[in-house]
Amino acid sequence: MLKRILLGLGDKEHSGAKIQHAIELAQQHAARITAVTVLDRDRLNYVGPVPMGGGTAAEELREHRLTVAGEKIDEVADFFEQTCRDANVEFTLHREEGDPFKILTRQSKFQDLMLFGLTGVFDYGLVTDQDEKPIDLLIRFIRAGVRPILAVDEKFRTLNRVLVAYSGSVESARTVKQFIRMQPRPEAVIRVVTFDTNEELARSRLEEVEGYCQDYGVSVETKFVPGSPKGHLIEEADDFGADVIVMGNSAKSLLSRKIFGETALYCLQHADRPIFLNQ
């Protein structure tokens with residue numbers, strides 16, 4: 001069950017699907033949405049090395065960025081508030097200024113689900129001179145242990161077909177349990193898939209998951225796929241027609257990658273559908 005959903009808002013153009021997902025979940029669980037916008041002045045003010053005589057142009061560029069970002073924030077805030085009112089969903093809106101990572105990490109402490117965009121969290125349509133890519137902020141949240149996260153793309157999908165990747169690790173089992181406790185839609189079709197070279201071991205894993213889900217009144221289908229999940233998990237999602245991929249990590253991959261598993265990283269970079277991560 002969810003009671004609190006944290007939503008990171010970028011500009012209106014990139015936030016429609018995120019807001020729709022948040023509202024659908026809030027209606028299903030009678031939850032409150034806490035939306036956050038962040039004006040990162042340091043990032044917008046950074047214009048790189050300024051040549052001699054270029055101070056005025058640099059200052060004009062900074063002012064332009066801040067003005068545009070402010071307008072974008074006003075627009076998405078108004079849109080979010082009106083959409084929630086129309087849907088009769090409880091909400092809170094925080095307009096913040098500062099470091100997005102610190103702000104959202106703090107805001108996430110007493111939330112049940114964090115809902116961000118796959119291609120960016122606070123994208124207000126502005127190109128800056130810093131090297132950080134939009135997805136880098138999402139990766140930093142995951143690395144810091146912010147969880148669970150539902151990262152969605154810009155196209156809204158009702159989560160009716162769910163592909164759950166289960167590796168057999170404690171972390172992966174925790175992800176499955178977290179998702180099932182969130183009470184998937186009654187009409188959802190859920191497939192649990194595991195990848196391995198040992199079919200007997202894989203079948204045993206799938207029986208564990210199936211038994212747990214049955215005790216929660218959730219029916220699942222299972223599938224064993226020989227080989228590695230990297231690269232092939234998205235293929236399985238395509239074949240199944242999945243609306244969302246549910247996945248966790250193994251302790252080994254967390255230690256070796258220092259960020260999160262290779263499969264999770266690959267999916268975040270290549271998926272065209274929502275991903276539920278519980279690290």
Side-chain angles (χ1 to χ4, degrees), residues 1-3 5 21 25 28-29 31 111-116 118 141-142 145-152 157-196 198-230 232-237 239-255 257 260-268 271 273-279:
M1 177 178 291
L2 302 174
K3 283 301 176 184
I5 300 169
H21 276 292
L25 288 167
Q28 180 183 346
H29 295 272
Q111 299 289 334
D112 298 317
L113 178 69
M114 276 53 71
L115 207 158
F116 305 140
L118 269 170
F141 287 134
I142 298 168
V146 175
R147 61 189 180 214
I149 289 175
L150 179 62
V152 303
R157 293 171 179 258
T158 298
L159 307 184
N160 285 330
R161 296 183 68 81
V162 181
L163 185 71
V164 179
Y166 177 56
S167 70
S169 71
V170 172
E171 291 79 14
S172 183
R174 188 181 297 124
T175 299
V176 175
K177 292 187 291 184
Q178 178 69 36
F179 183 79
I180 294 301
R181 289 169 185 167
M182 280 174 52
Q183 302 172 350
R185 298 168 63 89
E187 63 271 28
V189 179
I190 303 173
R191 173 180 289 178
V192 182
V193 60
T194 192
F195 298 80
D196 209 306
N198 185 326
E199 183 172 358
E200 183 178 355
L201 177 61
R203 297 293 181 191
S204 176
R205 283 184 201 151
L206 292 172
E207 288 175 5
E208 291 176 344
V209 178
E210 191 171 16
Y212 180 85
C213 294
Q214 285 176 349
D215 284 346
Y216 274 84
V218 178
S219 178
V220 300
E221 57 183 70
T222 60
K223 182 178 180 180
F224 159 67
V225 180
S228 167
K230 185 181 178 182
H232 299 294
L233 181 55
I234 290 181
E235 292 178 8
E236 287 297 318
D239 290 342
F240 180 57
D243 298 309
V244 60
I245 300 172
V246 177
M247 61 191 308
N249 287 301
S250 68
K252 180 179 178 182
S253 67
L254 279 170
L255 290 172
R257 295 288 297 178
F260 49 95
E262 289 185 358
T263 302
L265 178 61
Y266 182 88
C267 283
L268 281 174
R273 70 203 75 206
I275 297 178
F276 177 87
L277 287 163
N278 197 48
Q279 195 173 326

Is there a side-chain contact (heavy atoms from CB on, under 4.5 Å) between Leu233 and Val193? Walk through the geometry before answering. CA-CA 9 Å; Leu233 181 55; Val193 60; 4.3 Å; yes
Centre of Phe240's six-membered ring, under 6.0 Å away, within 45 degrees of the axis: is that where NZ or CZ of Arg161 sits? yes
What I'd like to find out is whether the side chain of Phe179 reaches to under 4.5 Å of the side chain of Asn278, using heavy atoms alone.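 They are not in side-chain contact.
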In the structure I gave you, are the side-chain heavy atoms of Cys213 and Ile190 within less than 4.5 Å of one another anywhere? no
Could you pull out the closest heavy-atom pair between [X] and [Y], with the gap in Å?
| X | Y | result |
| --- | --- | --- |
| Leu206 | Val192 | CD2-O, 3.6 Å |
| His29 | Met1 | ND1-CA, 3.8 Å |
| His21 | Val152 | CD2-CG1, 3.6 Å |
| Asp243 | Arg157 | O-CD, 3.6 Å |
| Leu159 | Pro274 | CD2-CG, 4.2 Å |
| Phe195 | Arg205 | O-NH1, 3.5 Å |

Please evaluate residues Thr222 and Val209 with respect to the criterion side-chain contact (heavy atoms from CB on, under 4.5 Å), reporting the C-alpha separation (whole Å), side-chain torsions for both, the decisive distance (0.1 Å), and the verdict. CA-CA 9 Å; Thr222 60; Val209 178; 5.9 Å; no
Calculate, to the nearest 0.5 Å, the distance between atoms [atom1] and [atom2] belonging to [X] and [Y] respectively.
| X | Y | atom1 | atom2 | value |
| --- | --- | --- | --- | --- |
| Phe276 | Ile245 | CZ | CD1 | 13.5 Å |
| Leu163 | Ile234 | CG | CD1 | 11.0 Å |
| Glu187 | Asn160 | CD | CG | 5.0 Å |
| Lys3 | Asp112 | NZ | CG | 9.5 Å |

Spell out, as yes or no, whether a donor-acceptor pair under 3.5 Å connects the side chain of [X] to the backbone of [Y].
| X | Y | result |
| --- | --- | --- |
| Thr175 | Glu171 | yes |
| Gln28 | Gln183 | yes |
| Arg273 | Ala242 | yes |

Cationic N near anionic O, under 4.0 Å, Arg203 to Glu207: no
In a check of side chain to side chain contact (heavy atoms under 4.5 Å, CB included) between Leu150 and each of Leu25, Leu118, Ile5, which one passes?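 The residue from Leu25, Leu118, Ile5 that satisfies side chain to side chain contact (heavy atoms under 4.5 Å, CB included) with Leu150 turns out to be Leu25.
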Is there a side-chain contact (heavy atoms from CB on, under 4.5 Å) between Gln178 and Arg147 once you walk through the steps? CA-CA 10 Å; Gln178 178 69 36; Arg147 61 189 180 214; over 6 Å; no
